[in-house]
A.B. asks: 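The structure that follows is given in the form of structure tokens.
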Amino acid sequence: MATSIVLGAGMVGVSTALALQQRGDDVLLVDRKGIGRETSYGNAGAIQTEACEPTAFPRSVGFLLKAATKQHNMINWHPRAVIENRHALWGYWKNSAPARHAAISQWYARFTAKAEKHHAPLAKAADAEHLIRRSGYIAAFRQASTLESHMKTAERLKQGWDVPVVELSDAQVHEKEPALNVSLAGGLWFSNVWTCQSPGALTSAYGELFKQRGGGMAYGDAMSLAATEDGGWSVMTEQGRVEAERVVVALGPWSSELTERFGYRIPLLRKRGYHRHFTSSSGPNNAMLDVDNATFMSPMNQGLRVCTGAEITQFDAPADLRQISRAEQAAREFFELGERVESSPWIGHRPCLPDMLPVIGAAPRHKGLWFHFGHAHQGFTGGPAAAQLLMELMVDGKSPDWAPHFSPARFG
């Protein structure tokens with residue numbers, strides 16, 4: 001019998017399995033599709049060490065008007081989904097107030113600010129360093145007013161979190177990106193950010209490292225999780241039902257479906273995102289963010305990956321191509337792009353909680369049941385670091401000062 005089962009083989013789940021293995025557990029990693037095939041496959045591929053603060057709900061009147069009329073590509077929304085998620089959205093809005101957001105950031109940075117220090121040994125051990133670029137990314141601004149507002153945030157990150165950030169003129173951006181076709185108000189270069197040529201491949205490499213170190217992997221149905229008579233846990237896999245002393249739920253946007261079965265109503269808000277790849281012989285040298293159009297562009301093994309902002313929609317709703325179409329148009333204005341690589345865009349969901357902090361900790365009413373999900377935009381970035389926070393709780397059996405802020409008990 002395994003000591004621990006980890007449900008979910010994305011970056012968070014694989015990192016959790018590696019951390020449990022490191023402490024001496026016999027670990028079985030369970031997923032319905034395999035390692036790195038869901039949300040961790042489709043993200044922007046940035047290990048965002050500059051993301052010391054969570055993504056707040058913008059509060060300017062201008063943005064709210066554009067968002068309400070669906071004119072800003074950062075967000076798309078659908079009435080029924082907004083109604084269904086109204087309590088989570090209202091909590092998200094309240095927690096985005098400056099004073100509250102600043103307080104939350106103190107805890108949020110625990111799994112993002114030094115993310116590269118947790119990724120580095122894993123990438124080396126997994127022989128995956130060739131997948132990582134250490135050239136940072138450029139936030140590009142078409143409008144001077146947008147640059148001015150983001151300069152304030154950049155200065156706060158620089159002073160408060162020691163984030164390396166360099167302001168670039170239009171000429172300096174073009175020097176770094178000679179193929180850029182538009183004039184800019186300027187840019188910000190976040191030089192310490194790592195970007196990845198294939199997020200799915202990096203997650204898979206970490207998973208292979210876990211298996212090389214003796215870990216087990218099985219295809220299975222996480223929703224079959226059940227308590228055993230002897231106080232452990234079991235789940236159905238392709239090899240049959242397997243048991244363990246403890247289980248960690250790391251299912252990303254699917255986590256709340258499982259936790260609700262055990263009476264835990266955790267208000268998970270799923271932000272949908274899209275990406276598409278394009279052939280490009282003259283695309284960017286570095287990852288770039290077109291801030292005014294909320295479009296992230298990153299060179300990948302599959303082509304230039306163009307990523308969108310967030311969509312508030314029902315989990316199983318059909319694709320709405322509004323954002324990815326606008327993102328494609330913005331990317332084509334920046335660079336000469338070739339053909340679409342895929343006939344249809346990839347669709348995924350970012351699991352976010354109203355207070356912008358993930359759930360890391362023990363289920364209050366079930367011995368041996370642990371939660372590790374809700375990392376929003378930064379599961380790929382912060383998975384390895386957050387897994388170490390989980391280990392602090394499991395190994396020491398104590399409650400560090402950060403624990404209440406991440407605990408599932410905060411939702412009752």
A.B. asks: Can D355 and Y108 be said to form a side chain to side chain contact (heavy atoms under 4.5 Å, CB included), step by step?
C.D. replies: CA-CA 10 Å; D355 59 6; Y108 183 88; over 6 Å; no
A.B. asks: If you measure from OG on S4 to CZ on R23, what distance do you get to the nearest 0.5 Å?
C.D. replies: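 Between atom OG of S4 and atom CZ of R23 there are 6.0 Å.
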A.B. asks: Tell me, do L20 and M394 make a side-chain contact under 4.5 Å, heavy atoms counted?
C.D. replies: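 When only atoms from C-beta onward are counted, M394 and L20 do touch, with a gap below 4.5 Å.
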A.B. asks: Might you work through the side chain to side chain contact (heavy atoms under 4.5 Å, CB included) test for V235 and D221, ending with a clear yes or no?
C.D. replies: CA-CA 7 Å; V235 66; D221 179 12; 5.8 Å; no
A.B. asks: How are the rings of F57 and W93 set to each other: parallel, tilted or perpendicular (split at 30° and 60°)?
C.D. replies: perpendicular
A.B. asks: To the nearest 0.5 Å, tell me how far F278 CZ sits from E342 CD.
C.D. replies: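 Separation between the atoms: 8.0 Å.
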A.B. asks: Which pair of heavy atoms, one from P404 and one from P400, lies closest together, and at what distance?
C.D. replies: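 Shortest heavy-atom separation between P404 and P400 comes out as CD-O, 3.6 Å.
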A.B. asks: Do NZ/NE/NH1/NH2 and the carboxylate oxygens of E208 and K211 come within less than 4.0 Å?
C.D. replies: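 Yes, E208 and K211 are salt-bridged.
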A.B. asks: Take atom NZ in K124; do more than 12 heavy atoms of anything else shown fall under 6.0 Å from it?
C.D. replies: no
A.B. asks: Between the side chains of N301 and S198, does any donor sit under 3.5 Å from an acceptor?
C.D. replies: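 Side chains of N301 and S198: no pair found under 3.5 Å.
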A.B. asks: In the structure I gave you, are the side-chain heavy atoms of T381 and T49 within less than 4.5 Å of one another anywhere?
C.D. replies: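 A side-chain contact is absent here, since even the closest heavy-atom pair is not under 4.5 Å.
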A.B. asks: For atom CG of D401, is the number of surrounding heavy atoms from other residues, nucleotides or ligands below 6.0 Å larger than 12?
C.D. replies: yes
A.B. asks: Thinking salt bridges, do E116 and R134 make one under a 4.0 Å N-O criterion?
C.D. replies: no
A.B. asks: Looking at W77 and A67, would you say the former's side chain and the latter's main chain have a donor-acceptor pair under 3.5 Å?
C.D. replies: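 At least one qualifying donor-acceptor pair exists.
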A.B. asks: Does any part of the side chain of D290, heavy atoms only, come nearer than 4.5 Å to the side chain of E333, both counted from C-beta?
C.D. replies: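 No, every pair of side-chain atoms sits at 4.5 Å or beyond.
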A.B. asks: If you count heavy atoms of other groups shown closer than 6.0 angstrom to CZ of R80, is the number above 12?
C.D. replies: no
A.B. asks: Flag the pair R340 / R276 as yes when at least one side-chain heavy-atom distance between them is below 4.5 Å, and no otherwise.
C.D. replies: yes
A.B. asks: For S255 and G252, indicate whether the former's side chain and the latter's backbone hold a donor-acceptor pair under 3.5 Å.
C.D. replies: yes
A.B. asks: Relative to each other, are the rings of H119 and Y206 parallel, tilted or perpendicular (30° and 60° limits)?
C.D. replies: tilted
A.B. asks: Is the backbone N or O of G382 less than 3.5 Å from a side-chain atom of T112, with the two atoms forming a donor-acceptor pair by type?
C.D. replies: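 Not at all, since once roles are kept as given, no pair shorter than 3.5 Å links the two residues.
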A.B. asks: Treating S224 as the side-chain partner and M236 as the backbone partner, does any N or O pair qualify as donor plus acceptor under 3.5 Å?
C.D. replies: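 Yes, because the side chain of S224 sits within donor-acceptor range (under 3.5 Å) of the backbone of M236.
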A.B. asks: Given I104 and R100, is the side chain to side chain contact (heavy atoms under 4.5 Å, CB included) satisfied, shown in steps?
C.D. replies: CA-CA 6 Å; I104 289 171; R100 179 62 184 149; 3.7 Å; yes
A.B. asks: Between E50 (side chain only) and N192 (backbone N and O only), is there a donor and an acceptor less than 3.5 Å apart?
C.D. replies: no
A.B. asks: Hey, does the side chain of S325 reach the backbone of L321 with a donor-acceptor pair shorter than 3.5 angstrom?
C.D. replies: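 Judged by distance alone, yes, a pair lies under 3.5 Å.
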A.B. asks: When you measure from the side chain of H72 to the backbone of M74, do you find a donor-acceptor pair of N or O atoms at a distance under 3.5 Å?
C.D. replies: yes
A.B. asks: What I'd like to find out is whether the side chain of E175 reaches to under 4.5 Å of the side chain of L168, using heavy atoms alone.
C.D. replies: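 Not in contact.
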A.B. asks: Do the side chains of L184 and F334 get nearer than 4.5 Å, heavy atoms only?
C.D. replies: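 In contact.
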A.B. asks: Run the side chain to side chain contact (heavy atoms under 4.5 Å, CB included) test on F190 and Q48 for me, step by step, so that the C-alpha distance in whole Å, both residues' side-chain angles and the decisive distance to 0.1 Å come before the verdict.
C.D. replies: CA-CA 9 Å; F190 293 93; Q48 289 188 251; over 6 Å; no
A.B. asks: Can you name the closest pair of heavy atoms from L304 and S280 and give their distance?
C.D. replies: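 Shortest heavy-atom separation between L304 and S280 comes out as CB-CB, 4.4 Å.
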A.B. asks: Closest heavy-atom contact between L389 and R110?
C.D. replies: CD1-CB, 4.3 Å
A.B. asks: When you check the side-chain N and O atoms of N286 and E177, is any donor under 3.5 Å from an acceptor?
C.D. replies: yes
A.B. asks: Could you tell me whether Q22 atom CD has more than 12 heavy atoms of other residues or ligands within 6.0 Å of it?
C.D. replies: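 No - once you tally the heavy atoms of other residues, nucleotides and ligands closer than 6.0 Å, there are 12 at most.
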A.B. asks: Relative to the ring of F373, is the ring of F371 parallel (under 30°), tilted (30 to 60°) or perpendicular (over 60°)?
C.D. replies: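 The rings of F371 and F373 sit tilted, inter-plane angle from 30° to 60°.
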A.B. asks: Does the R332 side chain pair with the main chain of L337, one donor and one acceptor, at a distance under 3.5 Å?
C.D. replies: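 Confirmed, R332 side chain pairs with L337 backbone.
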A.B. asks: Quick check on Q106: does its CD atom have over 12 non-hydrogen neighbours (other residues, nucleotides or ligands) under 6.0 Å away?
C.D. replies: yes
A.B. asks: Does one side chain, of T195 or R133, offer a donor that lies under 3.5 Å from an acceptor on the other?
C.D. replies: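 Distance-only check passes for T195 and R133.
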A.B. asks: Would one find more than 12 heavy atoms of other residues, nucleotides or ligands at under 6.0 Å from atom CG of D127?
C.D. replies: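 For D127, atom CG is not crowded (no more than 12 foreign heavy atoms under 6.0 Å).
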A.B. asks: Sequence neighbours left out, what passes ring-ring contact (aromatic ring centres under 6.0 Å, His included) with H101? Give chain and number order.
C.D. replies: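 ring-ring contact (aromatic ring centres under 6.0 Å, His included) check on H101 returns nothing, list empty.
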A.B. asks: Step through the shown structure and confirm whether more than 12 heavy atoms of other residues, nucleotides or ligands are within 6.0 Å of CD on Q71.
C.D. replies: yes
A.B. asks: So which atom in Y274 and which in D320 form the shortest heavy-atom distance, rounded to 0.1 Å?
C.D. replies: OH-N, 3.0 Å
A.B. asks: Name every donor-acceptor pair, under 3.5 Å, that has one atom in a side chain of residues 345-352 and the other anywhere in the protein, sequence neighbours excluded.
C.D. replies:
unit_1	atom_1	unit_2	atom_2	d
H349	NE2	R272	NE	3.2
R350	NH1	G309	O	3.4
R350	NH2	T308	O	3.2

A.B. asks: List the atom of A139, the atom of F141, and the distance in Å for their closest heavy-atom pair.
C.D. replies: O-CE1, 3.3 Å
A.B. asks: With side chains defined as the heavy atoms from C-beta onward, is the minimum distance between F406 and L390 less than 4.5 Å?
C.D. replies: no
A.B. asks: Is there a donor-acceptor pair under 3.5 Å between the side chain of W90 and the backbone N or O of P354?
C.D. replies: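 Here the side-chain-to-backbone pair does not exist.
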A.B. asks: Under a 4.0 Å N-O cut-off, is there an ion pair linking R322 with E311?
C.D. replies: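 Salt bridge: no.
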A.B. asks: Is it the case that more than 12 heavy atoms not belonging to F315 sit under 6.0 Å from its CZ atom?
C.D. replies: yes
A.B. asks: Side chains of Q172 and V166: closer than 4.5 Å at any heavy-atom pair?
C.D. replies: no
A.B. asks: Give a yes or no answer on whether the side chain of R261 reaches the backbone of M223 with a donor-acceptor pair at less than 3.5 Å.
C.D. replies: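 Side chain of R261 to backbone of M223, a donor-acceptor pair under 3.5 Å: yes, one is there.
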A.B. asks: What distance separates Y264 OH from T259 OG1, expressed to the nearest 0.5 Å?
C.D. replies: 9.5 Å
A.B. asks: Using every non-hydrogen atom in the two residues, find where G303 and H277 come nearest and quote the distance to one decimal.
C.D. replies: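 Closest heavy-atom pair between G303 and H277: O-CD2, 4.0 Å.
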